[in-house]
There are 2 protein chains.
Amino acid sequence: MAIPEVVIERLPEYARVLSQFESRGREVVSSQEIGDALRRPGRTSAAQVRKDLSYFGRFGKQGRGYNVRKLLEELRRILGLNRQWRMALVGTGRLGMAILGYEGFEPQGFRIIHAFDSDPAMAGNDAGGLRVHSTDEIEEVLAKSPVDIGIVAVPAEMAQGVIDRLVQCGIRAILNYAPITARVPEGVELKPIDPVLHLQSMTYHLKARAGSFG
Amino acid sequence: MAIPEVVIERLPEYARVLSQFESRGREVVSSQEIGDALRRPGRTSAAQVRKDLSYFGRFGKQGRGYNVRKLLEELRRILGLNRQWRMALVGTGRLGMAILGYEGFEPQGFRIIHAFDSDPAMAGNDAGGLRVHSTDEIEEVLAKSPVDIGIVAVPAEMAQGVIDRLVQCGIRAILNYAPITARVPEGVELKPIDPVLHLQSMTYHLKARAGSFG
DNA sequence: CCTTGTGAAGTTCTTCACAGCA
DNA sequence: TGCTGTGAAGAACTTCACAAGG
């Protein structure tokens, strides 16, 4: 039974709302409550939560619901979140430095352990506690000290080349902040982060709406 | 005929690859070429490009393909990209400052014209050329000088409250960088930007794969 | 000959609805 | 009674495949 990718992508959201329930002291929740926390209440989604979870096992108790702590633990196990993941950042310009400084990664177990930049003036500098390596050294550094995930924050023109090299180094998961539609071989995960694409699809709806400012 | 949201979300990607074709001097492209630029070549997608475009009109010439310049112009018109869009940023911490400094918005017609922060020590400061207002002043400032889009970069605990207030001010599109699943009323667009969720779904695949580092 | 535009077919994803169990 | 787990039904999306037109 192949598990749809959309299901995988919802699991971290379930985990996040379960953390919230946990921190509010809830011990048991129903699929309905999880669904309501994620979507506009009223829209179904409770069935979706149950079906999604059913791909991986039977975690609930009929008549009661799900034990928050236990389900959260299961999700973390399924997603592989019970360990540290090592990441390498390529590109230490404005965007790259912001990524280095982002406090949201570490608490979730994601740590940037290498930083690279193609600008020779950058190399050797200290970037948020990391020494910046030249991009030329990617292969060498990653061979000595491998990482699980690559983060690409270089200009558009260089992004595909950098991605190809990371893949060549054995990296199987890449977070791409460059505004290009990148390509990776079968078996490599690539997730684009591009706020502009989101803005550009929102404007479609704004434009259509009467009374928009303008 | 209702146009599926997935289709809307692909249009900006089409526009982006068309820009690339244009800057390389291409005058005409086929749906096949557009598709190949977006997906792993071989996988169909050419039919998808044609069908997506067909929701909005007939832009191609049989036997030839699409005129790059003309199709790009049409897409920009459809998406409402032929104008400036004004945005307000709430939250000028590390993340907010990085967003203010991001060079990718302006060239695409998106300009941040207001910045807000709840920290009184921040208020009045200069943030990338903008005076930082107190969060208390959101209503007042937006009434005098409205924006089309809100960007939320406040801590998780405050995010839903800020979003509610922006909606109250008449904002109909919000880019949310806070790590929560926020809720907005019907008719308001909300796009989450959360790299951690993407990392957490990628680890699912990494974990499953043999020979992962760790 | 080449490529669009599009009904129809096929596939994937979501929701329903209910048996089964606490 | 209340809620899960899940086949079956339904909706949404994608791909096929071909008529039509340059």
Side-chain angles (χ1 to χ4, degrees), chain A residues 1-11 13-14 17-18 21 26-75 78 181 201 204, chain B residues 1-11 13-14 17-18 21 26-75 78 181 201 204:
Chain A
M1 173 189 48
I3 297 164
E5 182 64 18
V6 273
V7 172
I8 307 299
E9 289 176 356
R10 277 193 294 265
L11 299 186
E13 296 192 67
Y14 297 161
V17 305
L18 285 169
F21 279 118
R26 286 295 298 275
E27 296 193 351
V28 174
V29 284
S30 65
S31 58
Q32 182 72 55
E33 291 172 292
I34 296 172
D36 285 355
L38 287 169
R39 312 244 173 186
R40 224 182 308 288
R43 289 184 94 275
T44 306
S45 178
Q48 186 165 73
V49 171
R50 296 201 301 278
K51 177 144 285 225
D52 285 356
L53 295 176
S54 78
Y55 282 102
F56 303 95
R58 296 135 67 94
F59 307 120
K61 277 200 174 50
Q62 283 153 326
R64 250 176 91 58
Y66 300 89
N67 178 294
V68 174
R69 223 155 105 73
K70 177 159 161 287
L71 181 54
L72 187 50
E73 187 47 43
E74 291 285 357
L75 286 173
I78 293 164
T181 304
S201 62
Y204 171 82
Chain B
M1 174 188 50
I3 297 164
E5 183 64 18
V6 272
V7 173
I8 306 298
E9 289 176 357
R10 278 192 294 264
L11 298 186
E13 296 193 67
Y14 297 160
V17 305
L18 284 169
F21 279 118
R26 286 295 298 277
E27 295 193 351
V28 174
V29 283
S30 66
S31 57
Q32 183 72 55
E33 291 172 293
I34 296 172
D36 286 354
L38 288 169
R39 311 247 172 183
R40 226 180 309 285
R43 289 185 92 275
T44 307
S45 178
Q48 186 166 73
V49 172
R50 294 202 300 278
K51 176 145 287 229
D52 285 356
L53 295 176
S54 79
Y55 282 101
F56 303 95
R58 296 136 67 95
F59 306 122
K61 277 198 175 50
Q62 283 154 327
R64 252 177 88 57
Y66 300 88
N67 178 295
V68 174
R69 222 156 105 73
K70 177 159 162 287
L71 182 54
L72 187 51
E73 186 48 42
E74 291 285 357
L75 286 173
I78 292 164
T181 303
S201 62
Y204 171 82

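Numbers restart at 1 for each chain; the letters A, B, ... are given by sequence-line order, proteins then strands.
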Student: What is the distance, to the nearest angstrom, from the CD atom on Glu27(B) to the P atom on dT3(C)?
Tutor: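 My rounded result for the distance is 17 Å.
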
Student: Crowded around Glu27(A) CD? As in, over 12 foreign heavy atoms under 6.0 Å?
Tutor: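 Not more than 12 within 6.0 Å, no.
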
Student: Check whether any side-chain nitrogen or oxygen of Ser30(B) sits under 4.0 Å from OP1 or OP2 of dT3(C), and answer yes or no.
Tutor: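 Answer is no, no contact under 4.0 Å.
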
Student: Measure the distance from CZ on Phe59(A) to P on dA22(C) and round it to the nearest whole Å.
Tutor: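 So the two atoms are 18 Å apart, to the nearest Å.
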
Student: Are the side chains of Tyr55(A) and Ile8(A) in touch, meaning some heavy atoms are under 4.5 Å apart?
Tutor: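 Tyr55(A) does not reach Ile8(A) side chain to side chain.
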
Student: Can you name the salt bridge (Lys or Arg N to Asp or Glu O under 4.0 Å) partners of Arg64(B), sequence neighbours left out?
Tutor: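 So Arg64(B) forms no salt bridge (Lys or Arg N to Asp or Glu O under 4.0 Å) with any residue.
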
Student: In the 5'-to-3' direction, what one-character label does each nucleotide of nucleotides 6-14 of chain C receive under the scheme B = base within less than 4.0 Å of a protein heavy atom, S = sugar-phosphate only, - = no such atom?
Tutor: BBB----SS

Student: Applying salt bridge (Lys or Arg N to Asp or Glu O under 4.0 Å), can you list everything that pairs with Arg10(B), at least two apart in sequence or on another chain?
Tutor: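 Partners of Arg10(B) by the salt bridge (Lys or Arg N to Asp or Glu O under 4.0 Å) criterion, ordered by chain and then number, come out as Asp52(B).
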
Student: Examine distances only and state if a side-chain atom of Ser45(A) and a backbone atom of Gln48(A) form a donor-acceptor pair shorter than 3.5 Å.
Tutor: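 Side chain of Ser45(A) to backbone of Gln48(A), a donor-acceptor pair under 3.5 Å: no, none is there.
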
Student: Listed by chain and number, what are the salt bridge (Lys or Arg N to Asp or Glu O under 4.0 Å) partners of Glu13(A), not counting sequence neighbours?
Tutor: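 Counting only residues at least two positions away or on another chain, Glu13(A) forms no salt bridge (Lys or Arg N to Asp or Glu O under 4.0 Å).
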
Student: Atom CD of Gln32(A) and atom P of dG5(D): how far apart are they, to the nearest Å?
Tutor: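 Nearest whole value for this atom pair: 15 Å.
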
Student: Show me the donor-acceptor pairs within less than 3.5 Å that the side chains of residues 65-74 of chain A make with the rest of the protein, sequence neighbours left out.
Tutor:
{"unit_1": "Asn67(A)", "atom_1": "OD1", "unit_2": "Arg69(A)", "atom_2": "N", "d": "3.0"}
{"unit_1": "Asn67(A)", "atom_1": "OD1", "unit_2": "Lys70(A)", "atom_2": "N", "d": "2.8"}
{"unit_1": "Glu73(A)", "atom_1": "OE2", "unit_2": "Asn82(A)", "atom_2": "ND2", "d": "3.3"}
{"unit_1": "Glu74(A)", "atom_1": "OE1", "unit_2": "Arg77(A)", "atom_2": "NE", "d": "3.2"}
{"unit_1": "Glu74(A)", "atom_1": "OE1", "unit_2": "Arg77(A)", "atom_2": "NH2", "d": "2.4"}

Student: To the nearest Å, give me how far apart CD1 (Ile8(B)) and P (dA12(D)) are.
Tutor: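 From Ile8(B) CD1 to dA12(D) P: 15 Å.
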
Student: Does anything in residues 60-74 of chain A come within less than 4.0 Å of DNA chain C? Heavy atoms only, and list the residues if so.
Tutor: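 Contacting residues: Gln62(A).
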
Student: I'd like to check the salt bridge (Lys or Arg N to Asp or Glu O under 4.0 Å) partners of Glu9(A); sequence neighbours left out, ordered by chain and number.
Tutor: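 Glu9(A): salt bridge (Lys or Arg N to Asp or Glu O under 4.0 Å) contacts with Lys191(A).
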
